[in-house]
Amino acid sequence: MLTRIRNAQMAQKVQFVMPSSKLKVAIATVLKDEGYIDEFAVRENGGKPLLDIALKYYAGRAVIERIERVSRPGLRVYRARTKLPRVLDGLGVAIVSTPKA
C-alpha cells in the first residue's frame, strides 16, 4: 500500500485505486486523521472491494515527504514499543501495528 502511495505521488496523481482490506482501510484512516491524505472511500467493483485514495498536495508538493520501509522480508527489524524513535521530533507519524491477542 505504501509503495502505491509513493508511486502515485511520484507520478503526481491526485487520486488512485487499489485493492482494499481491513488493514489498508485502518492505515488510510490514520493517514486521513493526521492530515496526510484528503479522502478515501471503499467501493466495490464486481464484488471485490477497492480502496480509492485522494492524495493531498500543498503548494504543488506532496504532503507526505518520505515513506520508508525499515523491516522487510529479508531483514526483519524488531523493537519494543518504547524503543521506537520519534519521527520528526513528534511532528511525524510512525504507523506501528500491534498483534491482537
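A quick note: this is a predicted structure, and the numbers were derived from the prediction, not measured. Only heavy atoms go into these numbers, but all of them, side chains included; no hydrogens, no water, no symmetry mates.
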Item to check | Expected output: side-chain Tyr57 to main-chain Lys13 donor-acceptor under 3.5 Å | outcome: yes

Gap between atom [atom2] of [Y] and atom [atom1] of [X] - 0.5 Å precision:
X     : Y     : atom1 : atom2 : answer
Ile64 : Tyr36 : CD1   : OH    : 8.0 Å
Phe40 : Gln15 : CZ    : CD    : 13.0 Å
Met18 : Ser20 : CE    : OG    : 8.0 Å

Checklist entry - Which atoms form the tightest heavy-atom contact between Pro19 and Arg4, and what is the distance? => result CD-NH1, 3.7 Å

Counting C-beta onward and ignoring hydrogens, is there a side-chain heavy-atom pair between [X] and [Y] closer than 4.5 Å?
X     : Y     : result
Ile27 : Met1  : yes
Thr3  : Arg6  : yes
Leu51 : Val25 : yes
Ile5  : Leu31 : yes

Checklist entry - If you group Ile, Leu, Val, Met, Phe, Trp and Tyr whenever their side-chain heavy atoms sit less than 4.5 Å apart, what else falls in with Val77? => result Val70

Next on the checklist: Any salt bridge linking Lys32 with Glu34? Criterion: basic side-chain nitrogen under 4.0 Å from a carboxylate oxygen.
Outcome noted: no

Item to check | Residue pairs passing the salt bridge (Lys or Arg N to Asp or Glu O under 4.0 Å) test where at least one lies in residues 52-63, sequence neighbours excluded | outcome: Arg43-Asp52

Checklist entry - Hey, quick one: are Phe16 and Leu23 part of the same hydrophobic cluster, counting side-chain heavy atoms closer than 4.5 Å, chains of contacts allowed? => result yes

Item to check | Path from Ile53 to Val42 over hydrophobic side-chain contacts below 4.5 Å | outcome: yes

Checklist entry - Looking at Ile37, Thr29, Val30, which one forms a side-chain contact (heavy atoms from CB on, under 4.5 Å) with Asp33? => result Thr29

Item to check | Stepwise side chain to side chain contact (heavy atoms under 4.5 Å, CB included) check, Val14 with Leu55 | outcome: CA-CA 5 Å; Val14 176; Leu55 298 173; over 6 Å; no

Item to check | Glu44, CD atom: more than 12 neighbouring heavy atoms under 6.0 Å | outcome: yes

